[in-house]
K.L.:
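Mind having a look at this structure? Questions to follow.
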Amino acid sequence: MVALPRESEAESALEWRVDEEDRALAERAASDRESFGILYDRYVRRIYGFCYRRLQTHEAAEDATSQTFLRALTALSQGSNSSGSFKSWLFTIAYHVIVDAHRLQKPMALLDDVHDFAETDPGPEELALTGETGRELYALIDRLPRDQADLIHLRFSGLNDQEIAGVLGKSYGAVRIAQHRAMKRLRQMAAHSGTKGTPQ
Amino acid sequence: VTTRDRKGGSRQDPDADQLAAAWNEITAGRRPSRDGDHADLTAPVELLHAAVPDVPPRPAFMQDLREQLMQATLPVDAPISEPVRHLSANPMVVQSRTSMAAHVPKSLRKAAARWLPIAATITLLMATAAGAYFSIDRPNNEPNGTNIAAPSAGTSESSGSTFLEECDVIGAYFPCVADPWVTEGLIVRANLSGEDLAVSNVQMQGWELDRLGHITFGEPANPVTGVGVDIVTSGAYLAVFSVPVVVGRPLTGGGEFEYPREGSAVELSRGDSVTYPIGSKLEVNNPLEGTRLHFKTILIYAGDPSPDNLAGGDYFAQVEGEGSLPMPLSDYETPEVSIALSYVNPNPIYPFSPSDTSFATHLLGPVAPYGEARGPGIGFVVWAIVRQG
């Protein structure tokens with residue numbers, strides 16, 4: 001297992017406090033709009049970033065961000081909220097807004113080349129030759145199956161695997177397996193496309 | 001992580017555990033340990049995070065949205081007279097949506113095009129959550145700005161605690177909506193010729209029209225007869241017809257359908273419908289500068305219904321489904337038949353099971369796979385509903 005640095009305990013406690021504070025604010029938001037404003041200020045950039053990365057235009061990202069917060073506000077006003085993390089719940093709304101937006105867009109190109117890859121690890125020699133760079137790997141994310149791309153973009157938004165499991169409606173274990181496969185597939189694609197760059 | 005292999009046994013995946021733990025550290029802004037044999041797993045993740053572009057929202061957007069949220073007349077303080085009912089997967093429950101009224105603030109109705117999705121969302125939410133409270137008598141000639149949401153608005157209401165509990169089981173809020181009812185178009189048989197009624201083929205087409213775009217419908221090159229229903233799923237639709245048509249606005253307080261005269265401009269927004277004899281549609285325009293128009297055309301037809309045969313202009317159209325009525329329109333005994341559109345993205349709790357009832361017949365529709373979004377042609381289901389008039 002990864003050895004965690006000592007300061008992680010304090011940071012974990014801080015995250016827990018933020019979660020608790022979010023929960024309290026969300027409860028008050030039903031009758032106190034300013035409490036919702038605090039939550040909005042806290043998450044609008046991250047929600048927007050997630051929407052932008054998934055929808056790829058500022059206009060679509062702004063619309064999706066607007067819908068996400070409106071839905072959240074309305075749900076809170078009706079007494080609905082997840083019993084878990086507010087952040088996870090909010091990203092769940094954003095995720096489904098994005099899914100809906102994709103429905104009304106043209107179908108994405110089939111990823112035939114992605115599916116050509118066998119589910120095998122690239123060998124050490126292959127990886128050593130590839131030396132993929134972050135930017136090139138990043139460019140390949142949208143060629144992953146959509147659920148795997150969603151997962152990685154949720155990671156970029158600061159969600160841990162448990163929170164992502166809540167957003168995607170999957171089990172904790174399924175998320176871990178999926179992200180492992182996603183990374184393997186990314187590296188396979190990088191190897192396939194002959195990506196060169198930063199050595200590991 | 002323990003997973004099942006193909007033989008049903010379980011196996012551990014330490015690499016997946018390792019990667020997840022390291023990624024949690026990276027996500028939290030910490031640097032994972034490089035001890036051990038797993039640096040090759042975590043290094044690409046660090047590279048990826050370093051490559052994520054920083055794309056902040058426009059300050060003006062953030063400020064505007066914040067103000068909208070702080071001032072929006074959402075049903076925060078509105079009394080809810082009874083639990084909001086979920087639009088049932090059963091098309092027989094179509095009447096449940098007609099009892100609710102809605103009011104959209106004029107400021108939102110007149111908002112810029114980019115705020116239309118917000119207006120639609122607010123409209124839906126207000127209508128579904130505070131129908132009784134906001135019920136108003138609207139003058140007949142007042143433009144109606146209310147919409148029922150297309151699937152992209154994704155309602156979240158449910159009928160009771162059991163449903164809510166089941167929603168919690170799957171860990172999400174909006175997927176609980178199994179099949180939002182989009183809208184329906186009303187076919188008044190008395191308004192159609194015998195030729196237009198002698199049809200039973202059904203085709204659903206998806207149309208898109210660019211911002212400020214225009215489609216001209218001329219005389220078809222190949223013969224085609226029947227009736228069409230256009231249903232707006234996104235944007236604004238402005239059309240002219242050569243005969244009287246029937247416009248459906250599902251959530252109005254003063255009635256479901258309007259009957260504009262021939263030659264008048266028919267304005268529809270998301271969730272609205274218009275029913276017309278094929279060949280009577282003269283033009284369709286997208287009046288908005290900022291929003292692309294998407295609409296479905298459901299044709300009950302004989303002949304050649306292909307978009308190229310019907311229209312000219314710079315548009316995108318595709319055939320999204322084929323089906324048939326159980327009998328020609330002329331053989332229906334009721335004076336009216338509705339063609340309804342729903343959206344089905346079933347969850348494991350509410351699988352979709354199309355069935356014919358004495359009221360409704362499932363005509364066509366690829367059901368969307370749960371948890372996936374594959375495009376505009378997936379998930380819409382067309383029904384024929386017998387109405388007693």
Side-chain angles (χ1 to χ4, degrees), chain A residues 1-5 8 11 30 33 36-37 40 44-45 48-49 52 59 62-63 65-67 69-71 73-75 77-78 80 89 92-93 96 99-107 127 132-135 137-138 146 155-156 158-161 166 169 173 176-177 179-180 183 187 198 200, chain B residues 1-3 13 15-25 27-28 30 32-33 35 40 43-45 47-52 55-57 61-62 65-66 69-70 74-76 114 117-118 121-122 125 129 151-152 154 156 170-175 233-234 294 371-376 379:
Chain A
M1 296 293 291
V2 172
L4 302 183
S8 66
E11 289 173 5
R33 196 65 65 88
F36 187 80
Y40 171 83
V44 63
R45 289 172 182 80
Y48 179 88
Y52 179 81
E59 184 183 33
E62 289 183 358
D63 287 344
T65 303
S66 303
Q67 287 198 42
F69 281 99
L70 275 165
R71 289 183 185 187
L73 175 59
T74 306
S77 76
Q78 295 172 354
S80 301
W89 178 79
T92 302
I93 296 174
H96 289 285
V99 167
D100 287 343
H102 279 142
R103 278 196 192 112
L104 293 177
Q105 292 176 348
K106 290 178 183 175
L127 289 177
E132 66 268 28
T133 68
R135 189 174 299 175
L137 280 175
Y138 183 85
R146 182 168 285 161
R155 280 292 199 181
F156 294 156
L159 274 66
N160 62 35
D161 44 10
R176 288 188 160 207
I177 293 292
Q179 69 190 5
H180 188 228
M183 286 308 299
R187 302 180 78 189
T198 308
Q200 293 181 52
Chain B
V1 173
T2 301
T3 58
D13 193 338
D15 282 352
D17 285 339
Q18 178 73 29
L19 178 65
W23 209 331
N24 283 345
E25 293 297 295
T27 300
R30 297 186 289 265
S33 167
D35 296 341
D40 62 318
V45 175
L47 285 173
L48 269 178
H49 274 262
V52 176
V55 188
F61 162 73
M62 283 196 295
L65 179 57
R66 197 182 200 287
L69 291 165
M70 294 300 105
L74 291 168
V76 175
R114 64 183 307 95
I118 297 173
T121 304
I122 290 175
L125 295 168
S152 63
S156 58
I170 60 172
Y173 189 63
F174 288 98
T233 54
S234 178
H294 297 252
E372 296 182 29
R374 292 293 182 85

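A note on names: the letters A, B, ... follow the listed sequences, proteins ahead of strands, and every chain is numbered from 1. Just so it is clear, the structure is predicted and the values come from calculations on it, not from any experiment.
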K.L.:
Please find the pair of heavy atoms, one from A:Val44 and one from B:Met62, that lie closest to each other, and give the distance.
P.N.:
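Residues A:Val44 and B:Met62, closest heavy atoms: CG1-SD, 3.7 Å.
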K.L.:
Using 30° and 60° as the class limits, which term best fits the ring planes of A:Tyr48 and B:Phe61: parallel, tilted or perpendicular?
P.N.:
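Rings of A:Tyr48 and B:Phe61: tilted, as their planes differ by 30° to 60°.
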K.L.:
Would you compute the distance between atom CG of B:Leu48 and atom CG of A:Leu137 and round it to the nearest 0.5 angstrom?
P.N.:
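Result: 5.0 Å between the selected atoms.
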K.L.:
Check whether A:Tyr52 gets within reach of chain B through its side chain, its backbone, both or neither, counting any heavy atom under 4.5 Å.
P.N.:
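The side chain, not the backbone.
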K.L.:
Do any N or O atoms from the side chain of A:Arg45 and from the backbone of B:Pro57 form a donor-acceptor pair under 3.5 angstrom?
P.N.:
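Not at all, since once roles are kept as given, no pair shorter than 3.5 Å links the two residues.
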K.L.:
A side-chain contact here means heavy atoms from C-beta on lying under 4.5 Å apart; do B:Leu47 and A:Tyr138 qualify?
P.N.:
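The answer is no, as the side chains (C-beta and beyond) never meet within the 4.5 Å cut-off.
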K.L.:
Is there side-chain contact between A:Arg176 and B:Asp17, with heavy atoms separated by less than 4.5 Å?
P.N.:
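A:Arg176 reaches B:Asp17 side chain to side chain.
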K.L.:
Are the side chains of A:Met183 and B:Pro44 in contact, using a 4.5 Å heavy-atom criterion?
P.N.:
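B:Pro44 vs A:Met183: side chains touch.
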K.L.:
Identify, with sequence neighbours excluded, every residue that meets side chain to side chain contact (heavy atoms under 4.5 Å, CB included) alongside B:Arg66.
P.N.:
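In terms of side chain to side chain contact (heavy atoms under 4.5 Å, CB included), with neighbours along the sequence ignored, B:Arg66 is linked to A:Glu34, A:Tyr40, A:Asp41, B:Met70.
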K.L.:
Going by the side-chain contact (heavy atoms from CB on, under 4.5 Å) test, name the single residue among B:Asn24, B:Val45, B:Val52 that passes it with A:Arg155.
P.N.:
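Exactly one pass, corresponding to B:Asn24.
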